[in-house]
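This report refers to the structure that appears directly beneath it.
Sequence lines set the chain letters: A, B, ... in the order given, protein chains first and strands last, and positions in each chain run from 1.
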Amino acid sequence: MSTRDLFTFSNRHFTIGVGVIAGILVVTGIAGFIVLPFAQPWVQFANVWDAICSAAGVPQRATSVTAPEQAKRLSEVVLTSRTLSRPSQEAIGRGATLAQRCAICHGPTGISRADSPNLAGQYAAVIYKELHDFRSGARTNAVMSPFAVNLTDQEIADLSNYYAYLPRLPAYHPTPQLPKPNIVIYGAPMRGIAPCGACHGSLDNKTGSPWLEGQSEAYMKAQLQAFASSERRNDISQQMRNIARAMTPQEIEAAAAYYASQPPDVVKAVD
Amino acid sequence: MLVNRKLILAHFWLAFAVFGVALTLGAWQMFIRSPIGTWLSNPELYYRSLTAHGTVMGYVFPTLVAMGFGYAISESALEQRLVGVRWAWAGFWLIVIGSIMAVIPIALGRASVLYTFYPPLIGNVFYYLGVVLVVVGSWIWVALMSVNLRVWRKAHPGAPVPLAMYANVAGSYLWAWTAVGAALELLLQIIPVAAGLKNTIDAGLARVFFSWTLHAIVYFWLMPTYIAYYTIVPRAIGGLVYSDSMARISFILFLVVAMPIGMHHTFADPQVGAGFKFIHSAFTALVALPTLLTVFTICASVEIAARLRGGRGLFGWIRALPWDNPMMLALAFSFVMLGFGGAGGLINMSYQLDASIHNTQWITGHFHLIFGGAIVIMYFAIAYDLWPHLTGRELIDVRLIRTQLWLWFIGMIVTTFPWHWVGILGMPRRMAYFDFGDPAIAPQALSVTFSAIGGFILLTSGIMFIVILARGMRAPRVDAGPYRFAIAVHQSKTVPVALNTHALWVALMIVLTITNYGYPILNLALGAGTSVPAVYVGAQ
Ligand code: HEM
Ligand SMILES: [Cu+2]
């Protein structure tokens with residue numbers, strides 16, 4: 001017998017092989033696409049075709065459920081690899097001029113004497129994202145929002161590059177360096193909290209996460225509480241809200257105090 | 001008639017060398033995340049190691065074993081010099097280059113994406129290119145197996161293809177087709193993003209492509225083991241294969257039903273329709289069939305050996321088996337691990353039961369038991385059996401070989417049983433750190449400690465294995481004679497064309513892939529708005 005005789009119905013192996021496979025396919029198809037969808041009493045289908053489409057995974061808009069209304073704006077920042085790359089001296093210079101407006105709160109060297117964040121040497125992507133969020137209203141602050149609303153895209157990029165360019169200076173509120181609390185070193189795996197440094201620079205940096213060393217303790221505590229209560233919601237996919245909600249008040253205090261006491265030179269990941 | 005021994009030895013040595021390295025990493029991983037290790041303060045190092053361990057153990061090591069063994073089968077079963085030796089070396093070197101290319105970015109922490117790639121996580125492009133080269137190298141082997149069989153058929157028109165070669169070629173076709181899924185994922189989706197040509201990726205589609213590869217790849221890993229069950233073990237213990245046709249049917253069934261079932265890896269994925277999940281689940285149930293056939297046939301073959309040695313009684317014959325023969329020992333250990341692993345597999349494949357163990361340590365326990373245990377122990381046995389024929393020297397220390405096999409078996413049980421258990425308790429997999437001081441998981445500390453100890457037993461056994469083979473390169477010379485495979489009780493002169501060729505089964509494999517994957521892939525590929533921004537490893 002040659003291979004040509006293989007693919008004919010007079011060949012027993014061919015008939016049985018193809019027949020059995022086709023049979024199984026049909027039976028499992030009917031079960032999976034018709035019988036089982038209708039066996040779910042909590043789902044309603046208009047007709048058989050509707051059930052088949054659902055089982056096949058055809059994207060459908062469920063009629064009974066209306067999309068939740070978007071109460072507040074979410075962050076819409078898009079960062080491509082070209083947005084902030086290799087700033088020119090002029091761009092940094094323009095940023096420096098613009099930054100004079102910011103100095104009253106954020107300090108002339110980018111180190112704040114008030115409880116506003118320090119910006120000197122912060123990752124450019126972070127400043128870029130926050131300014132955009134203040135401008136769009138995804139993040140609001142009575143003092144900061146009015147400054148941001150009138151900035152252009154170019155100005156935001158220049159400011160980001162300028163602050164990222166400034167040297168990382170020690171903070172203005174020197175306290176003795178505190179030991180690392182567990183929440184910072186280990187996170188809390190059972191509550192889904194990664195170590196802070198996994199995003200915030202001491203181990204690795206995930207785009208959009210600031211490094212925190214030397215920031216004001218009061219400021220960080222307030223931000224963590226704002227994330228936990230969902231008052232602040234410009235973190236993409238609730239990355240920070242999910243963590244802050246799972247943190248205890250003591251952990252929030254310990255983490256804020258620890259980071260406030262650190263010098264900036266422990267930041268490992270570079271921009 | 002083993003002529004190209006250097007080629008085969010090169011494959012085996014490279015396989016076992018990378019295995020040794022990956023095994024050490026595995027033992028370290030086990031230790032560092034157990035209560036007896038102090039926490040590494042950098043989880044990234046763990047994921048680097050895990051990527052290297054998974055990539056080597058999943059892609060490089062078993063592929064090299066299958067290739068080396070495949071060349072050995074082709075030369076000895078067909079009694080014909082390997083055709084295309086230069087191509088075979090080219091394939092080997094592609095794998096060497098690919099492995100080096102992949103391992104450098106891993107070591108630098110630029111590709112800690114784990115061997116399942118995990119898009120939208122994107123690592124350095126050279127990691128993926130390295131994996132592609134490894135696959136391309138292995139495809140050369142697939143082509144050569146097919147060519148060699150064709151050359152033999154020309155010279156022996158109508159004659160039954162020796163079972164070992166028939167199975168070997170079936171395994172190679174399965175690999176060629178199943179690797180296409182991951183190849184599509186890499187070439188169409190991941191590499192363009194890793195190379196900076198795009199910055200979004202359809203992660204759901206990528207997972208579907210990967211599932212295309214992920215299930216049948218395990219049967220590719222399994223092939224050398226099953227070939228050894230059927231064609232080496234009965235000869236080595238002085239028995240006969242109970243049924244040649246049953247063996248062929250098993251290999252054919254793997255070819256047909258190993259492919260259209262991969263979506264049991266996406267049970268928890270929202271982008272795949274429930275109907276397809278059901279069909280894949282049902283076909284998964286069918287894949288137990290060839291394994292059951294194999295267990296039956298091999299037990300019968302072993303019984304024949306025992307009765308030929310004077311064994312009697314309903315179960316009394318078991319005592320008459322040559323238990324001091326390493327091949328017998330390896331088979332018995334392999335079957336025990338296959339039994340437990342198979343029982344666990346039934347849980348994984350059930351749509352509902354899977355939910356309770358999905359992404360837990362149960363899964364890693366399961367595949368280490370089946371793959372690291374049942375399959376790899378037979379790789380050891382294959383190497384021991386072939387070594388004298390490849391080196392022309394005897395492996396003298398049979399006691400050491402037996403100890404090595406015992407340790408692998410014990411180590412694997414000690415490692416994987418507690419590993420399963422903590423999975424049932426809910427411990428997630430792929431975590432670099434566990435706080436065993438937390439009352440919620442403190443009770444799991446003991447089990448994880450046992451697993452880690454088992455890991456060191458395995459490491460010891462792995463080192464012994466390599467030492468035995470290395471010493472075998474210097475032992476006194478012997479003439480091992482031609483390499484032979486087991487013969488069947490009824491060695492028929494003709495075999496029906498369907499069981500002597502692969503065309504019908506390959507066609508069914510492709511058709512079933514289209515019916516079971518076609519729509520889900522098209523649906524995701526053509527649907528709008530299914531892509532997400534890529535997340536680059538180590539990017540700022
Ligand atoms: C000393 C023996 C071994 C130990 C202690 C070991 C340990 C480990 C550990 C701890 C993981 C990571 C699990 C997780 O965090 O999810 C892992 C993953 C893995 N191991 Fe092993 N392993 C060993 C041997 C083997 C063997 C013999 C093989 C196969 C030949 C193998 C194949 C794999 C694969 C494919 C992965 C998956 C990697 C991933 O999930 O990305 N291992 N192993
Ligand atoms: Cu699978």
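Of residues 516-523 of chain B, those residues lying under 4.5 Å from chain A by any heavy-atom pair are B:N516, B:Y519, B:N523.
For chain A, the nearby part of B:A507 is the side chain; its heavy atoms alone come within less than 4.5 Å. For B:V511, no part lies near chain A; criterion is any non-hydrogen pair under 4.5 Å. Residue contact with chain A, scored on non-hydrogen atoms closer than 4.5 Å, involves the side chain of B:L286 exclusively. Heavy-atom distances place the side chain of B:L508, and not its backbone, under 4.5 Å from chain A. Residue contact with chain B, scored on non-hydrogen atoms closer than 4.5 Å, involves the backbone and the side chain of A:I185 alike. For A:V27, no part sits under 4.5 Å from any heavy atom of chain B, backbone or side chain.
In this structure, the side chains of B:L512 and A:L25 come closer than 4.5 Å at one or more pairs of heavy atoms. Between B:L499 and A:H13, the closest side-chain pair of non-hydrogen atoms falls below 4.5 Å.
Here CZ of B:F283 is found 5.5 Å from CD1 of A:I24. Values are rounded to the nearest 0.5 Å. Note: B:I279 CD1 to A:T28 OG1 = 4.5 Å, rounded to the nearest 0.5 Å. Taken to the nearest 0.5 Å, the CG atom of A:L79 stands 10.0 Å off from the CG atom of B:N199. Distance check: B:M509 CE to A:I21 CD1 gives 12.5 Å after rounding to the nearest 0.5 Å.
Of the residues considered (A:G32, A:A188, A:G57, A:A55), A:A55 shows the highest number of contacts with chain B, using heavy-atom pairs under 4.5 Å.
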Fill in: Pair B:F276-A:F33, side chain to side chain contact (heavy atoms under 4.5 Å, CB included): steps then yes or no
CA-CA 8 Å; B:F276 283 102; A:F33 286 87; 3.7 Å; yes
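Shown here is A:Y165, whose OH atom has no more than 12 heavy atoms of other residues, nucleotides or ligands within 6.0 Å.
Partners of A:R245 by side chain to side chain donor-acceptor pair (under 3.5 Å), not counting sequence neighbours, listed by chain and number: A:S230, A:Q238, A:N242.
Closest approach of B:F278 to A:A31, counting heavy atoms only: CE2-CB, 3.5 Å.
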